[in-house]
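This report refers to the structure that appears directly beneath it.
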Amino acid sequence: MKTITVALDDRSYPIVIGRGLLDGGFDLAEYVRGNDCLVVSNDTVAPLYLDKLRPNLAGCDITSISLPDGESFKTLATLQKILDQLVTSGANRDTTVIALGGGVVGDVAGFAAACYMRGVAFIQVPTTLLAQVDSSVGGKTGVNHEKGKNLIGAFHQPEVVLIDTGTLTTLPERELKAGLAEVIKYGAICDPDFFEWLESDMAALIDQDPDALAYAIRRSCELKAEVVAEDERESGRRAILNFGHTFGHAIEHCLGYGKWLHGEAVAAGMVMAAELSGIAAADRARLSELIAAAGLPTQPPAISSERWLETMGMDKKVQKKQLRFVLLRSLGEAYVCADYDHGRLYALIGAEA
Ligand SMILES: NC(=O)c1ccc[n+]([C@@H]2O[C@H](COP(=O)([O-])OP(=O)(O)OC[C@H]3O[C@@H](n4cnc5c(N)ncnc54)[C@H](O)[C@@H]3O)[C@@H](O)[C@H]2O)c1
Ligand SMILES: [Zn+2]
C-alpha cells in the first residue's frame, strides 16, 4: 500500500493505492465524519464493487444510489436525483458522499457533495484507470450542459482517494488504453524519466502487469498532486494538464461524444500539440511511438479545417482571438503558449493561412 499526499493546507488529503484494498483492506470509515454515508455508483460498477466496499465502511450507516451508466447522464438531472436522495434520506452536514466508479460518477457525485448544504464531505473510490490517475485527484467536480462539457461545476476536494488497482481487472481493454493516454501525458509534460520508463514498460502495462500498473498509477498521482498543490484553481501551471486537450476536445466534439473515448482523442491531440510545439523530430517520433504502443490513435479523424477552427473557437469572424495551447519545450517539459506558430497550426488542420 502506498500513500501520496495532496498538500493543500487544511484541505490536504491522502491518495491511498494498493491491490485488494476493497473487501475491507483499508478502513475508510475513519474518513467518514458522521456515521452516515451515501455511496453513488452506476449500474455497471455497483454490481461489481458495492458489496466489496461495505467492509471498508464497518460501523457506518450506508445508503446507496445507482446511476445509469454513461457520459450522457453527467447532467443536472442526475445531480438532482442525488440531491433528492440526500434530502429524502435525511442526510445532514455530517453525511459523507462516496463516489464508486469512473470519472463520470466521480464528477457528478463530487458536485452533489459540493452543493448539498453548501458542501459535505466527499470520498473518491475510482475504478477506471482514467479516474485513478486523473479525475479523482484535484477536486474538479461538475456536470455537462447540452452546450458543452463540464460547464457547470465546483472545486471540492475529497477527504481521501482510495484506489484499489484490482478493480482494473474488470475494466474493458479499450477503457484501460484510454486511461494510458493521460499517463503518457504526465511523462510528456513534466517527467522525462517517467516517459522513458513508459517506453520500456508499455507492453507490461497493456498486459496489466500488477507491478507496472501500480507504479504507473502511483507516479501519475504524484505528478498530478504536485501540480494541483502548486495551483489548485488553475490560475497558471495547472493548465499544463490540458496538454493535447484543445485538439482532443475538438475531436470529441466534431465526432459526437462517445465515438472516440476521451483518452483516444487526447492521444491524437498530444501528437498534434507536439507538432505545433516544433520540438525535435526525434522527440515527436518518440511520443507518437509510445502512443501507438499503447494501442492509441496518433492521427486525428478526418475533420474539415472549418470545423477544426470553429470548434477551437477560431472561426473566420474571430480569427484574431488568442487561443492558448499547452506546448512542449522538450519531452518532459510543458508550458502554456498564446504565441504559437499560426502557420504550423494551419498546416496541421489543413487550413489555408
Ligand atoms: N474531474 C476531473 O479532474 C476530470 C479529469 C479527467 C476527466 N474527467 C471526467 O471523467 C469522465 C471520464 O471518466 P472515465 O474515463 O472513468 O469514464 P466513465 O466513468 O464513463 O467509465 C468508463 C466505463 O467503464 C465502466 N467502469 C468503471 N469502472 C469499471 C470497472 N472497474 N470494471 C468495469 N467497468 C467499469 C463505467 O461504468 C463506464 O461504462 C468524463 O466525464 C471527464 O469529463 C474529470
Ligand atoms: Zn483528460
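Values reported hereafter were calculated over all heavy atoms of this structure, with side chains retained and with hydrogens, waters and symmetry mates removed. Whatever order the structure lists ligands and atoms in, that order sets their numbers, starting from 1.
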Parallel, tilted or perpendicular: ring planes of W197 versus Y215, cut at 30 and 60 degrees: perpendicular

F247 reachable from I291 in the ILVMFWY side-chain graph, under 4.5 Å edges: no

E289/R286 salt bridge by N-O under 4.0 Å criterion: no

V266 and F243: CA distance, side-chain angles, deciding distance, side-chain contact (heavy atoms from CB on, under 4.5 Å) verdict: CA-CA 8 Å; V266 167; F243 177 58; over 6 Å; no

Atoms (protein N, O or S; no water) under 2.8 Å from the Zn ion (ligand 2): 3

NZ (K2) with more than 12 external heavy atoms under 6.0 Å: no

Exceeds 12 heavy-atom contacts within 6.0 angstrom, atom NZ of K52: no

F325 and Y340 aromatic ring geometry - parallel, tilted or perpendicular at 30°/60° bounds: perpendicular

Stacked cation flag R219 on Y186, 6.0 angstrom / 45 deg: no

Shell of residues surrounding ligand 1, defined by a 4.0 angstrom heavy-atom cut-off that is strict: N42, T44, V45, L48, Y49, D69, E71, K74, G102, G103, V104, D107, T127, T128, L130, D134, S135, K140, K149, N150, T167, T170, L171, P172, E175, K224

Test: D134 and K185 ion pair at under 4.0 Å: yes

